[in-house]
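Remarks on the structure that follows.
FYI, the numbering just counts along the sequence from 1. Atoms within each ligand, like the ligands themselves, are counted from 1 in listed order.
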Amino acid sequence: MAVQASLRKLRTIWVERISREMAAGEGTRAGFSEQLERFYDLLEQTIITGDMAWLDPILYDWGRSPTETNLEQADYYVSFILNRMIALTLEISRDLLKPKEALELLAAVIPVLTHSLGVVIRYEMETRVAHISKELGAVQEKLQVLDQNKSKFISVAAHELKTPLTLIEGYTSMMADFVQTDSQAQMRSYLTGVNTGVLRLREIIDDMIDVSLIDNNLLTLNIQPMWISHLLDLARNEFKKSIAERKQSLTVNDFEGSDLMIYGDSERLYQALNNVITNAIKYTPDRGQITIDGRLLPGFIEITVKDTGIGISAEDQALIFEKFGQLGKEDLHSSSKIKFKGGGPGLGLSITRGVIEAHGGTIWVESPGYDEVKLPGSTFHILLPTRTEPTNPVMLKFFGSLEQKMETDLRGEENPPTDDPPA
Ligand code: ADP
């Protein structure tokens, strides 16, 4: 067979030229030549039999061989060698064979080499993808540990801070009782200042505890029948003073669905609504307008809190619900809860989302963007399921445990506890 004869003729030069061009030093060249000899044998077998499977084992070995350095530097070394192999085969055939022989040989060899290139690229890709997913897995594990540590830190720090805070609270109130006479008015105002600081600190610590409860899926809801209109009444009264202080106006509309009885933890839901309204006051300049409204949707009640404030850019809209997602500068942090742009620790919206999601609801924000001059404003949307029966998972858990408790109590009545030692 003419092709076989041509192959035999080219062999030595082919191996030598490719290994000279591709292998860097003498040491690697010997090993590489051996590999090329093996490849050449299998190439001959493939051409004789017409069965590409002959080359599979060596291509598999080559495709899986990239070193860690190759993988990290994204070098496609083996496919590069096969590419050069095709070009050198063309050159060597042209130099050593007659045109007809060269044509016949190339017609047989090139399809095999291009097939081999395709196989090697696939193996190289698979090796690279496996390497990248291994690296991603390791990074993800590290991030998880980091997140757990962060959550643990918040929880430990909050609990540790609570004890000294209780002491400070106790002593300041004792001192305030002690300072009675008018001559000590100055001292009384200092103590009021300390008290305000202590109160704010307690709120921050409570927020830290809430965040760690939400992070660890430990938030328990006290599910009771409730009405959104009650939350709106509370808000109307509570924010009167802050709104007056900031010369803003607050409109709270009753809406269809606000007087529907639903099941929820009214205290937690008010905490969530309170956070959103506090932010609306905080991020709206003096004389701005805040409107609370809502509507009844199939299966849901929607509450909206709209302000005429500085707005939120599209990219930040996704971040603000994450813990510590505050976007303001640290120098804007303020001990006042309602000062314009007076940033807090950045836990409010993360707790708000945690509480609403625990109720099976959802929260999102709409804003044309951030602009402190044009004041495009923001609208926060809160969607709560209008379940008139305690059927959501949290509620089921609550009512499940309630039922269990009642059952135990009932059983307890049938078999009253005795002082007898256990059998
Ligand atoms: P913070 O304690 O900083 O107020 P939050 O979790 O309550 O933390 O809010 C996160 C960030 O979202 C805020 O720092 C602020 O940048 C932005 N933000 C929240 N509500 C509004 C709003 N109504 N208008 C503009 N920005 C807001």
Does ligand 1 come near enough to [X] that some N or O of the ligand is less than 3.5 Å from an N or O of the residue?
X	answer
L349	yes
S350	no
G346	yes

Using the ring-ring contact (aromatic ring centres under 6.0 Å, His included) rule, collect all pairs that involve residues 214-237, keeping only residues at least two apart or in two chains. W227-H230
Taking only residues two or more places apart in sequence, or in another chain, which ones meet N83 in a side chain to side chain donor-acceptor pair (under 3.5 Å)?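 Here no residue qualifies.
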Less than 4.0 angstrom from a charged side-chain N to a carboxylate O is my criterion; do [X] and [Y] meet it?
X	Y	value
R246	D286	yes
R20	E16	yes
E203	R200	yes

Can you see whether D259 engages S229 through a side-chain donor-acceptor pair at a distance of less than 3.5 angstrom? no
Under 4.0 Å between heavy atoms, the region of D316 that gets near ligand 1 turns out to be neither
Side chain, backbone, both or neither: F380 near ligand 1, heavy atoms under 4.0 Å: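 Near ligand 1, F380 shows its side chain, while the N, CA, C and O stay back.
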Check whether any heavy atom of [X] sits under 4.0 Å from an atom of ligand 1.
X	result
K282	yes
G311	yes
G309	no
D307	yes

Pick whichever of I320, N279, T379 has a heavy atom sitting closest to atom 7 (O) of ligand 1.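 Going through I320, N279, T379 one by one, N279 has the nearest heavy atom to atom 7 (O) of ligand 1.
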So, do F321 and W364 have ring centers that fall under 6.0 Å from each other? no
